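To start, the structure itself, in structure tokens.
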Amino acid sequence: MSDLLTTMRELVIANRILAREGVVDAYGHISVRHPTNPERYLISCSRSPELVTLSDIMEFTLDGVAIDPRDRSPYAERYIHGALFEKRTDVHSVIHNHSHAVIPFGVTAVPLRPLVHVAASIGDKVPVWDIRDKFGDTNLLVVNMAQGRDLAEFVGGGRTALMRGHGCVVTGATIKEAVITAVYMQVNARLQMEAMRLGNVIYLSPGEIQEHQKVIFGPLSLNRAWEYFVMRAGCQGM
Ligand code: MN
């Protein structure tokens with residue numbers, strides 16, 4: 001199987017996993033950098049992730065121009081992906097989602113912070129990007145490269161960011177890393193909401209975050225989690 005086909009299949013499976021875990025619903029998307037051309041990326045056409053198949057996967061330049069659109073419509077917010085691939089050579093997969101669990105932490109002064117080891121990869125205190133700071137009143141969607149680049153600049157060298165009143169963005173060195181981070185970011189948001197109702201929360205320290213990231217992105221842990229999520233999403237035959 002070619003590198004391209006292998007990558008496309010993994011991207012389809014990642015779409016199904018994110019849907020199965022409730023990280024995405026009708027909306028949200030995941031992309032991957034093209035395996036042989038770093039100036040291009042792959043992402044589904046405008047379709048809900050649970051429904052994505054191989055024939056939906058489209059190729060784009062980093063500034064969001066479709067290479068072979070045929071009769072397929074692109075996601076309006078694809079600029080999030082291209083801008084991050086443009087800024088970050090270490091990033092090979094990007095997820096944008098509207099997980100309900102994370103939204104409260106983007107609209108209040110309470111930062112989303114890892115309190116459980118499996119969420120260490122979200123980073124210490126997830127920063128909140130506000131599109132209004134630079135672009136005033138908009139429909140909140142990231143619909144051009146100027147907005148995408150502003151978001152990418154804000155993410156900087158980090159792995160995640162919240163988007164005020166909208167959702168979040170998650171990056172990874174691989175599809176697997178991005179998916180695991182997005183799944184456990186949602187888990188952490190739910191647990192943090194619960195824990196805060198009980199009292200003061202003890203969060204992971206920066207040292208613990210660093211140590212656990214080595215574990216969760218090690219092959220033993222990552223492949224085990226991937227196999228589990230693939231099965232849960234019913235993708236073992238894909
Ligand atoms: Mn969105």
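Remember, it's 1-based here, ligands and their atoms both numbered in the order they're listed. One is the number of the first residue; the rest follow in order along the sequence. For clarity, every value in this text was computed on a predicted model and none was experimentally measured.
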- Query: In terms of the angle between their ring planes, are F60 and Y41 parallel, tilted or perpendicular, with boundaries placed at 30° and 60°?
  - Reply: parallel
- Query: Using the benzene-type ring in the case of Trp, are the ring centres of H92 and H34 under 6.0 Å apart?
  - Reply: no
- Message: Distance check, rounded to the nearest 0.5 Å: M163 atom CE versus H96 atom NE2?
- Response: 4.5 Å
- Which residues and atoms, counting only protein N, O or S, are under 2.8 Å from the Mn ion (ligand 1)? E77 OE1, H96 NE2, H98 NE2, H166 NE2
- Message: Q213: which residues meet the side chain to side chain donor-acceptor pair (under 3.5 Å) condition with it, sequence neighbours left out?
- Response: R159
Under 3.5 Å, which donor-acceptor pairs link side chains of residues 115-125 to any protein atom two or more places apart or in another chain?
from	atom 1	to	atom 2	distance (Å)
S121	OG	T181	OG1	3.0

- Item | Residues clustering with V215 (ILVMFWY side chains joined when closer than 4.5 Å, directly or via others) | none
